[in-house]
Number of protein chains: 2
Amino acid sequence: MSRRMKLDLSIILQKATEIADEQGLDQLSIGLLAEKLEVRPPSLYNHLDGLHELKQKLAIQGVKKLHEYMLQAAVGRSSDDAIRAISKAYLQLVREHPGLYDASTRFPDANDKELQQAQESVVQLVLQVLDAYHLQEEIAIHMVRGLRSILHGFSSIEQIGGFGMPLDINKSFSILINTFIEGIHAVMDNEDKYMQMNEAGE
Amino acid sequence: MSRRMKLDLSIILQKATEIADEQGLDQLSIGLLAEKLEVRPPSLYNHLDGLHELKQKLAIQGVKKLHEYMLQAAVGRSSDDAIRAISKAYLQLVREHPGLYDASTRFPDANDKELQQAQESVVQLVLQVLDAYHLQEEIAIHMVRGLRSILHGFSSIEQIGGFGMPLDINKSFSILINTFIEGIHAVMDNEDKYMQMNEAGE
DNA sequence: TTGCGAAAACTAATCGTATTAGTTAAAATA
DNA sequence: TATTTTAACTAATACGATTAGTTTTCGCAA
């Protein structure tokens, strides 16, 4: 059996994803990855430029997969239902691919074109979902930021095991999303008040 | 001039905090820290057990400082005002001590007693603030988790430069907090509905 | 089928960072 | 002043990423 037979970029990324998801992004090293691929560490440099580039690629994969999940969840739904669905999809992605997601929030190079584009597509998706509320454009963008904060915050706290108390975490999530949705409706009814709001928020 | 004159744990922590806040937690290394303290790297091991322990101590400091900020903000305020105040304090802590905060969310040892206690005091503070709404105890805990998610999510996305669009970030924050507050009021008026909510959130 | 050139593996070496071992000097104390 | 302790130091080790240089394998054209 020849020693040649495998190893291309997609196989490397796949194994790297496995390691990151199962053992945590910090455990992902050139050495461990090479070992799992039954290759010597330097061999990997024939396919990629180094650990940083690898993590960057994982980050991009993570955001793309997040978009996929959310897109699937959004089709056929609108307004409140759509928000609940994409939120659940977001959390599901993080639970299924914690390492990939972690990479996507700790990317080495935030100026990467492909990464930015993938991120933008998520933003656009959420904006589309929010269209149903007919918010002023500026308010809609603030709401996208808000929902993203909620989803990222909840997911990452869950990942680090930050919810100590023994209380159903899925219920916490549902209530949080529903509370936010209730808030959107309230803001909808008073948009002008919020548009004039000064930095103090009063 | 004796070579003896400085260096105790608090001085080390102070300098480490400086480095982490100014250059990022990942830049904090035994080597750099030793250099800034004008000491050889091994000398630091007379005062601490290694880089992991150092980061753990920073994490604890971070949570304690977060509690301080929020406590100060909460005195003399109640309900909506109090929520706005502690939220702003949270964001302020993260902006002033990004490295410390980062450590507090990426600690090596989540089972550390002192760390857990510091975290618990933050939770208790928020619970106290939420007392004003007379929510059922379980709902109150869900709300604590929700607010924490919002604050952590927003702060960390801001820190990684994740808010791309040129739109006032402070305003996004105010709107987010106010939207959540509106949501709390709506949930208050329909607590039973939310208590029965199934995992699907419907 | 054979032999050439490219691709991709390998070994060996280098570098940076954390850490440990063992030594020594300074400070505290008796 | 002599002794003990503390905390610095130098030297050495370990490990991970990476680079240099070499060799093997594969696809393809003569």
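Residue numbers start from 1 in every chain, and the chains themselves are labelled A, B, ... in the order their sequence lines are given, proteins ahead of strands.
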- Residues in side chain to side chain donor-acceptor pair (under 3.5 Å) contact with B:D109, at least two apart in sequence or another chain: none
- Item | Within residues 123-141 of chain B or reaching into it, pairs that qualify as salt bridge (charged side-chain N to carboxylate O under 4.0 Å, His left out) - sequence neighbours excluded | A:K171-B:E138
- Query: What integer distance in Å separates A:H47:NE2 from C:dA6:P?
  - Reply: 18 Å
- For the rings on B:H142 and B:Y194, is their centre-to-centre separation under 6.0 Å? no
- Task: Kindly write out the residues that satisfy side-chain contact (heavy atoms from CB on, under 4.5 Å) with A:H52, not counting sequence neighbours, or none if the list is empty.
- Result: A:P108
- Message: Is it the case that over 12 heavy atoms from other parts of the model lie below 6.0 angstrom from the CD atom of A:Q117?
- Response: no
- Message: Show every ring-ring contact (aromatic ring centres under 6.0 Å, His included) that has at least one partner inside residues 67-100 of chain B, sequence neighbours left out.
- Response: B:Y90-B:Y101
- Interatomic distance where CG belongs to B:L48 and P belongs to C:dA18 [whole Å]: 12 Å
- Item | Between C:dT11 (P) and A:L44 (CG): distance, integer Å | 14 Å
- With the side chain of B:Y45 defined as its heavy atoms from C-beta on, choose the nearest nucleotide among D:dA8, C:dA9, C:dT19. C:dT19
- Partner residues of B:Q124 under the side-chain contact (heavy atoms from CB on, under 4.5 Å) criterion, sequence neighbours left out: B:E120, B:L127
- Item | Counterpart residues, side-chain contact (heavy atoms from CB on, under 4.5 Å), relative to B:L51 (two or more places apart) | B:I30, B:L54, B:K55
- Any residue meeting side-chain contact (heavy atoms from CB on, under 4.5 Å) with A:K193, in chain and number order, not counting sequence neighbours: A:N190, B:E182
- Query: Where along residues 52-59 of chain B does a heavy atom fall under 4.0 Å from DNA chain D?
  - Reply: none
- Query: Side chain of B:P41: nearest nucleotide among D:dA8, C:dT19, D:dT18?
  - Reply: C:dT19
- Rounded to 10°, the angle between the first-five-pair and last-five-pair axes of the helix from C:dT1-D:dA30 to C:dA30-D:dT1 is 10°
- Please list, chain by chain and in numerical order, all residues satisfying salt bridge (Lys or Arg N to Asp or Glu O under 4.0 Å) with A:E53, sequence neighbours excluded. A:K57
- Kindly assign one of parallel, tilted or perpendicular to the pair A:F163 and A:F154, based on the angle between their ring planes and the thresholds 30° and 60°. tilted
- Task: Please state how far atom CG in B:L7 lies from atom P in C:dA27, giving the value in whole angstrom units.
- Result: 14 Å
- Record whether the side chain of B:N46 comes under 3.5 Å of the base of D:dA8 through a donor-acceptor pair of N or O atoms. yes
- When the distance from CD of B:E35 to P of C:dG16 is rounded to whole Å, what number comes out? 13 Å
What nitrogen or oxygen pairs link the protein and nucleotides 11-16 of chain D at under 3.5 Å?
none

- Task: Please list, chain by chain and in numerical order, all residues satisfying side chain to side chain donor-acceptor pair (under 3.5 Å) with B:K15, sequence neighbours excluded.
- Result: none
- If you check the B:S43 side chain, which of D:dA8, D:dT18, C:dA9 turns out closest? D:dA8
- B:D49 atom CG is separated from C:dA18 atom P, nearest whole Å, by 15 Å
- Message: Expressed as a whole number of angstroms, how long is the span from B:L37:CG to D:dA7:P?
- Response: 15 Å
- May I have the distance from B:R40 (atom CZ) to C:dA18 (atom C1'), rounded to whole angstrom? 16 Å
